[in-house]
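Accompanying notes for the structure given below.
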Amino acid sequence: MAIIETRIAAMGLQLPRPLQAPPGLRLPFEWVRVRARRAFVSGQVPLQADGRLAGPLGKVGAEVSPEQGYAAARLVALAHLASLQRALGDLDRITAWLRVFAMVNVAPGFYETPRVTNGYSDLILELFGPEVGAHARSSIGMVIPLNAPVNCEAEVEIDGGDC
């Protein structure tokens with residue numbers, strides 16, 4: 001087993017299956033698009049291990065606590081890792097996390113989006129270490145598809161192996 005997958009297992013975490021889209025929702029795009037040494041990861045929401053949308057759903061600062069939002073952001077990071085694993089074959093091919101763009105479903109008056117998004121960043125840094133895992137990041141509040149508490153997209157650098 002590769003290093004990153006071993007770390008994920010040692011932490012008691014599991015990479016989820018792909019999103020099970022609700023009936024009638026069409027998703028005509030790639031979850032990961034690889035170009036040269038970059039992999040662009042589409043926006044994803046928190047998933048359960050079987051690919052179903054993970055709860056709680058709703059706005060952070062109302063139906064969802066900041067702590068639950070943090071946990072949801074960790075699940076988004078796992079969904080990204082699962083998508084990258086399917087696209088690359090091995091998460092050890094990631095040589096640098098470049099950028100994370102986080103969108104938090106916020107209630108009026110909730111302005112602590114970075115606190116929520118730290119769930120994503122903390123997990124990536126824990127798994128990859130500061131040299132590979134450090135990334136630029138934005139964290140903004142908006143309405144999120146499927147009423148998920150958080151949705152993130154990312155960009156990573158990969159080694160030059162075949163995709």
Side-chain angles (χ1 to χ4, degrees), residues 4-5 7-8 11 13-22 25 27-35 38-88 91 93-107 110-130 132-158:
I4 299 301
E5 285 89 342
R7 288 180 186 158
I8 290 167
M11 292 172 68
L13 302 173
Q14 183 178 3
L15 297 179
R17 297 185 60 174
L19 172 67
Q20 292 182 20
L25 179 60
L27 303 170
F29 58 87
E30 297 293 324
W31 292 110
V32 175
R33 179 83 167 136
V34 177
R35 300 298 296 167
R38 298 259 172 105
F40 300 88
V41 188
S42 293
Q44 296 187 35
V45 294
L47 300 177
Q48 297 179 49
D50 64 3
R52 289 182 295 136
L53 185 62
L57 301 179
K59 296 185 178 305
V60 179
E63 302 88 3
V64 178
S65 72
E67 295 76 20
Q68 290 170 315
Y70 178 97
R74 285 177 66 89
L75 292 177
V76 175
L78 289 171
H80 275 179
L81 291 167
S83 292
L84 284 162
Q85 184 186 52
R86 287 188 290 276
L88 303 174
L91 293 174
R93 289 189 57 201
I94 297 170
T95 57
W97 282 82
L98 302 174
R99 177 179 177 272
V100 174
F101 181 69
M103 298 154 278
V104 181
N105 190 2
V106 295
F110 183 80
Y111 302 105
E112 298 180 40
T113 58
R115 182 175 167 194
V116 172
T117 307
N118 285 348
Y120 188 110
S121 296
D122 289 347
L123 181 58
I124 296 304
L125 288 166
E126 189 172 351
L127 289 171
F128 288 87
V132 174
H135 52 273
R137 187 183 88 182
S138 296
S139 181
I140 63 168
M142 62 173 45
V143 175
I144 302 297
L146 306 174
N147 203 27
V150 65
N151 180 320
C152 300
E153 60 183 47
E155 181 179 350
V156 300
E157 179 183 77
I158 58 174

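Side-chain atoms are counted along with the backbone in the values below, which use heavy atoms only and exclude waters and symmetry mates.
Gln20 places none of its side-chain heavy atoms less than 4.5 Å from the side chain of Leu53. Inter-residue side-chain proximity for Leu127 and Leu81 is flagged as met; some heavy-atom pair is nearer than 4.5 Å. Residues Val150 and Tyr120 have side chains not in contact (no heavy-atom distance under 4.5 Å, counting atoms from C-beta outward). Residues Ser139 and Val116 form no side-chain contact, since every pair of their non-hydrogen atoms from C-beta on lies 4.5 Å or further apart. Side-chain contact between Val45 and Pro145 is absent, with no heavy atoms from C-beta onward closer than 4.5 Å. Contact annotation: the side chain of Arg74 approaches that of Leu13 to within less than 4.5 Å [non-hydrogen atoms, C-beta and beyond]. You'll find the side chain of Trp97 stays beyond 4.5 Å of the side chain of Ser121, heavy atoms only.
Taking every heavy atom of both residues into account, Gly141 and Thr113 meet most closely at N-CG2, 3.9 Å. Gln48 and Pro16 make their closest contact through O-CB, 3.3 Å (heavy atoms, listed as atom of the first residue, atom of the second, distance). When all heavy atoms of Ala134 and Leu125 are compared, the pair lying nearest together is N-CD2, 3.6 Å. The shortest heavy-atom contact between Phe128 and Leu91 is CE2-O, 3.9 Å. The two residues Val64 and Pro149 come nearest to each other via the heavy atoms CG1-CB, 4.1 Å. Counting all heavy atoms, side chain and backbone alike, Glu30 lies closest to Ser42 at O-OG, 2.6 Å.
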Problem set entry | Worked verdict on Ile144 versus Lys59 for side chain to side chain contact (heavy atoms under 4.5 Å, CB included) | CA-CA 9 Å; Ile144 302 297; Lys59 296 185 178 305; over 6 Å; no

For this session: For the pair Glu67 and Arg115, evaluate side chain to side chain contact (heavy atoms under 4.5 Å, CB included) and give the outcome as yes or no after the intermediate values.
Result: CA-CA 9 Å; Glu67 295 76 20; Arg115 182 175 167 194; 2.7 Å; yes

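Separating the CH2 atom in Trp31 from the CG atom in Leu19 is a distance of 5.0 Å, to the nearest 0.5 Å. Interatomic distance, Leu47 CG to Leu15 CG, rounded to the nearest 0.5 Å: 11.0 Å. Taken from CD1 in Ile8 to CG in Leu123, the straight-line distance is 7.5 Å, to the nearest 0.5 Å. Between Leu98 atom CG and Arg38 atom CZ the span is 5.0 Å, to the nearest 0.5 Å. A distance of 10.0 Å separates CG of Asn151 from CG of Asn105, quoted to the nearest 0.5 Å. Expressed to the nearest 0.5 Å, how far CG of Leu84 lies from CD1 of Ile94 amounts to 4.5 Å.
Using modelled atom types and a 3.5 Å distance limit, the side chains of Thr117 and Arg137 yield no donor-acceptor pair.
Taking the charged nitrogens against the carboxylate oxygens, Arg99 and Glu157 have no contact shorter than 4.0 Å, which rules out a salt bridge.
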